[in-house]
Every structure is written in structure tokens, then in C-alpha cells.
Amino acid sequence: MANRSSSFETEPGYGHHRHQYHSHHHQHDQQSAVSTLHSVASSTTRSTNAPYTQVQPKLSPSSCEASPMEEEYKDYQPEFQWKTYLYQLQQEAPKPKRIVCQNYVPNKPPHYGREFHGPISREEADNLLSRGGEGSYLVRESLRAPGNFTLGIRLLHQTKNFKLYFDSKHYVAEKRFDSLHDLVADGLITMYVEVKAKDYINEMVAEPIYDKHSKFATIRDRRKSNGTLVPPVAKLATIDSSEVDGCVTPKQQSSPEHVLPSSQYQKEHNFKVHNFKGLNWCEYCGNFMWGLIAQGVRCADCGLATHKQCSKRVPADCTPDKRLIKRIYGVDLTTVVKAHGHVRPVVIDKCIAELESRGLETEGMYRIPGLQDDIDLVRQRFDKDGELANIGTKDFPDVNAITGALKLYLRQLPIPLVPFEVYDKFTAAAKIQDDTQKLEALRNANNDLFNNRPAHYHTLKHLVFHLHRITEHRSQNKMNTENLSIVFGPTMLRAPNDQSVIDNLYMLQFQKKLVELMIENHDFLFDK
């Protein structure tokens, strides 16, 4: 193999306009934070307990007047301690330094630059990287498997080799980059931090800061839901559902139910891998989130940002932000009610209130389909306007458009009205032969639903009571218990996705039977 001449470049301008840690794109976002951190870092050591910087939360101005609760806690100023050790390590990580090939390389792939050295051996690449020093990198083509490429990186006096891929973006694992330079920069940071701070990273969840701000506030506008500040000490208060949403009929008011406000419903966070810009700290452990992209995860519903490993320890206390919930249809039921501050989804409450205000004597209610264009328009209004959606007689004279929109909402729930985790308990109850035992088993299943997913329980209860009132007019609307159970069985009790078609067909009879039992025994089964 002929010797190749190479030169080593630090290239401060290479990839300058791309997504780099100190690129012009992020410089404005990071300038003030970097200056603060440097002043703190200079006075701290790298022990696992010492490196903190104290940051007061910055409250964003609200477009609405302060609520009484905000007035009560306006003077509360929690102290957050961001831990700077991992940030310091990221700053110390070697910077990318490509080894430029000075020779002409035929058949060079167009997505590689002068760091491509063609088909050279591992030993030759290691020699070049050793001479290049920390942070140096090159790309070579495999001698044994032409068309396959390897990225070599020099870090901590060792050469590390990675199989390199390109499909419009560069990648060696899950993370994908627009430029090879960014891939190397992120790789150097990640490997350097995770080697130098291996023990620290394994133990950093042992001293979380999460409980210090989850009860009171966060740097994300003090954790608000529907404009209401969550109090420091949550009191288990109950509210009368006859006052909720202003859409409960006189019959329901005669026997009011007491339910927890939706702010106290438990909800798991909806974490997704996120590309953070600027400097970001984990809101669970308080440590820096290192790397250039995919540094951690972010809850798509409330905005909570954590390391991926820390997200597994966050409790089920998600308080969705209405600004992040862009629609109502197709969104998790508990997410919607917590974001809007209701006990039940506004679609269910408004549609039922509208139907009952028009009377329940319309023949074929819920059985006769409405025009799809009208149903889509109702859906669009709810997605856009929420509780202010206008679905009155003037805009939708056909009652079937309203019933169709309600059924569509239930069908599009990602978690069915009767969730998958209690589906077996409900269907098992339907299979019991003894009527008394059957009802008792179904009541117990309802209690499980109430304890685990109260938003689903109260929505199911409201819907079942509504269906019962429809059957009271069956002589006019021709919709008895059996007819309604045929319509709502598969919608309310959707079978898990892992069941076969034959199993689904077999379970239809039990789904139908369950809805019949709920309608006929609603007072006994829904006593909470």
C-alpha cells in the first residue's frame, strides 16, 4: 500500500454554520449562561457534592390576571441548585480535528469530505490518528468489505472505530447528524463525559432536586395547568359534579356525585427524545444534559426535561400545558381533562348537553350515521375552540352530526374508554353465570377503573347515565338497551391490539352484554 500524505486541521470554521455547541446558531442563547457558569466553575471543585450554581426561577409574564392562589404564593422563591460538574467535563472534551487526506482518492462518496482516506488498513488509520492527537478523526473504506465505511476517532489515547452509515444523515447509532463534524463533536463529548464521570452518572439520581420544585414551581412558569398554580400542599378536596362545565341535567343534580378535581388525577409523563438548544439541565437530578443533540427526553404534554435514565424515576404527576396540547381528538383522555381543568372531556360534556337540550326522542339516535362532512366540522371546532366550540342547532341542525362526533371521539382515543389494563376484568365479569356475582364483579372492575384512571371512570359514568336516559324514550327513538349496546360495545370496550380477528369477533357478545349491564344497573355499578 502506497504511503499517503496527510495534514491535521483544527478547522475552527469547519461546519461553522451547522448545529455545533458553540456555533453562531446557539451563541445568543448560551452567552449569558456560559458567563455565569464559568464564574461558578472557577470557584468549585469536581467532587460529586460541591459543584452547584444557584439559579432563581424566572417567571414568564402571564397574559391573564393573577389568580388568588398565585397571589398567595407570589412571594415564594424556591432555590434550584444546578450541578455544573458535567458541564465542565463537556467543556474539557477534545474538539473535532479532521485528518485531511492530501492524495486524490477515486470514487469518493459525495457526502464525505477531505477526511476520507479511501481503502486503508486499520493499522495505517491508527497511525494517522495517533499522530493527529486527541479529537482527530478520519473516514476509511473497509479493505475486506468494499462499500462499507469506518469512522476512526482518537480519544483518551485510544483509537475507537465505528461503522459509519449515511441515508441523507450521518450516523453510527440512533443519533443522526447533518454533518460528520457534528457527529464527531457529539461523540467526543458523550464518550469523554461518560468515561470521566462514569461513577458520578450512575449515582446522580440519588440526590434529585425534583421534589424541591415539583410541589411548588418549576423554571417552566411554575408548573401551571389551565392557568391555575398547583398549591404547595395538595389537599384532597372534592367537587360537586353538578357544577362542572354547566352541562349536567336536573336528574343528575338530584343525586350529586363527588369527584376529585382533574388537577389531582395521576398521569404518567409522555417522554420523547428531544434535541435541546443552548444549555439545559435535568429537572429531576439537576445535572447538565450533555451532548449536541438528543441530550435527554422531554414530556410532550407538560414540557418536563430530564435525562433518559432520570425519566424512569419521575412520578406520575404530569400536569399538561394547554399550549402544548394542540387538539382534543386523538389525545389521551386524562391529558385532555387535566390540560383543560375539567372532570371529563369537553367533547363528551358538550355533545351530551346539546343532545339532551334538543330532546331524546329522535328516532335512531346513535344508530343512524350523520354526514361525514358535518362530523368532521364538529371535530375541527372542538380541536380549535375547545369548550367554546359552537355546536348548536343553527350550525348543526342534524342531531346525527353530534352523535357521530361523540362516537368518533371515543374511537380515536389512544387509550380506550375502558382501558386495556382493566379490559380482562370487565370481560371476565360478563362471563360469570350467576347474576349477583356478575354484577358484583363488574362493580369491582369499575372500582379498579376509578382508582387507576378516574377520568375514564367519570367519563364512562356520565356516558352510561346518558344512554340510560335515552332508553327511557325508547318508544319514540326506537333505541332500547340492546340497540345501544350494539353501537357502543366495541367503542367503549375496544379489545387489545394483540388479539386475533377470531378472538375479537368472539368477544363482541361480551362487550355488548357489558354495556347492557351498565345501562340497566347504572345506579348500582357507578356509586362513586
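Just so it is clear, the values below take in all heavy atoms, side chains as well, and ignore hydrogens, waters and symmetry mates. Nothing here was measured: the structure is a model prediction, and the numbers come from that model.
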Surrounding NZ of Lys384 (heavy atoms of other residues, nucleotides or ligands, distance under 6.0 Å), is the total greater than 12? no

Pair Tyr366 and His466, ring centroids less than 6.0 Å apart: yes

Note to self: Can you see whether Tyr210 engages Asp317 through a side-chain donor-acceptor pair at a distance of less than 3.5 angstrom?
What the structure shows: yes

- Task: May I ask you to say whether Arg469 pairs ionically with Glu356, meaning some side-chain N is under 4.0 Å from a carboxylate O?
- Result: yes

Going by atom types only, do Tyr200 and Asn287 share a side-chain donor-acceptor pair under 3.5 Å?
yes

Working for side chain to side chain contact (heavy atoms under 4.5 Å, CB included), residues Glu194 and Lys198: CA-CA 5 Å; Glu194 292 180 358; Lys198 180 180 178 181; over 6 Å; no

Identify each donor-acceptor pair in which a side-chain atom of residues 299-313 lies under 3.5 Å from a protein atom, sequence neighbours left out, and give them as a table.
| unit_1 | atom_1 | unit_2 | atom_2 | d |
| --- | --- | --- | --- | --- |
| Asp301 | OD2 | Lys267 | NZ | 2.8 |
| His307 | NE2 | Phe288 | O | 2.9 |
| Ser311 | OG | Lys308 | O | 2.6 |

* Asked: Centres of the His170 and Phe166 rings: under 6.0 Å?
  -> yes

Original post:
Going by the angle between their ring planes, with limits at 30° and 60°, are His274 and Phe276 parallel, tilted or perpendicular?
Top reply: perpendicular

Ser357 side-chain N/O to Glu354 backbone N/O, donor-acceptor pair under 3.5 Å = yes

Requested in this report: Report yes if some heavy atom in the side chain of His462 is under 4.5 Å from a heavy atom in the side chain of Ile348; otherwise report no.
Outcome: yes

Please check: side-chain N/O of Asn446 versus main-chain N/O of Leu525, any donor-acceptor pairing under 3.5 Å? yes

Query raised in the report: Would you say Thr362's side chain and Met365's backbone share a donor-acceptor pair under 3.5 angstrom?
Result: no

* To do: State whether the side chain of Lys350 and the backbone N or O of Ala389 hold a donor-acceptor pair below 3.5 Å, judged by distance alone.
  => yes

Quiz item: Within 45° of the ring axis of Phe450 and under 6.0 Å from its six-membered ring centre, is that where the NZ or CZ of Lys528 lies?
Solution: yes

query: Between Asp349 and His342, does any side-chain donor sit less than 3.5 Å from a side-chain acceptor?
result: no

> Does a donor on one side chain sit under 3.5 Å from an acceptor on the other, for Gln372 and Asp376?
Replying inline: yes

* **Side chain to side chain, Lys513 and Lys438, heavy atoms closer than 4.5 Å** => yes

Exercise for the section: Measure the shortest side-chain to side-chain distance between Leu406 and Leu410 over non-hydrogen atoms and say whether it is less than 4.5 angstrom. Expected result: yes

query = Hey, is the main chain of Phe526 close enough, under 3.5 Å, to the side chain of Arg443 for a donor-acceptor pair?
reply = no

**Asked** Counting only N and O atoms by type, is there a donor-acceptor contact under 3.5 Å from the side chain of Asp424 to the main-chain atoms of Glu421?
**Response** no

*Under 3.5 Å, is there a donor-acceptor pair between the side chain of Trp281 and the main chain of Lys83?*
yes

Q. Are the side chain of Glu207 and the backbone N or O of Met204 linked by a donor-acceptor pair below 3.5 Å?
A. no

- In terms of ring plane angle, is the pair His522 and Phe465 parallel, tilted or perpendicular, where the classes change at 30° and 60°? perpendicular

**Message:** Any salt bridge linking Arg381 with Asp395? Criterion: basic side-chain nitrogen under 4.0 Å from a carboxylate oxygen.
**Reply:** yes

Exercise for the section: Report yes or no: is the cationic atom of Lys431 (NZ for Lys, CZ for Arg) under 6.0 Å from the centre of the six-membered ring of Phe510, at an angle within 45° of the ring normal? Expected result: yes

Side-chain donor-acceptor pairs of residues 483-493 under 3.5 Å, sequence neighbours excluded:
| unit_1 | atom_1 | unit_2 | atom_2 | d |
| --- | --- | --- | --- | --- |
| Asn483 | ND2 | Lys478 | O | 3.0 |
| Asn483 | ND2 | Asn480 | OD1 | 3.3 |
| Ser485 | OG | Thr481 | O | 3.3 |
| Ser485 | OG | Glu482 | O | 2.7 |
| Ser485 | OG | Glu516 | OE2 | 3.4 |

Working for side chain to side chain contact (heavy atoms under 4.5 Å, CB included), residues Asp182 and Ile293: CA-CA 9 Å; Asp182 290 346; Ile293 67 170; over 6 Å; no

One should read off an interatomic distance between Tyr409 OH and Tyr329 OH, to the nearest 0.5 angstrom, of 8.5 Å

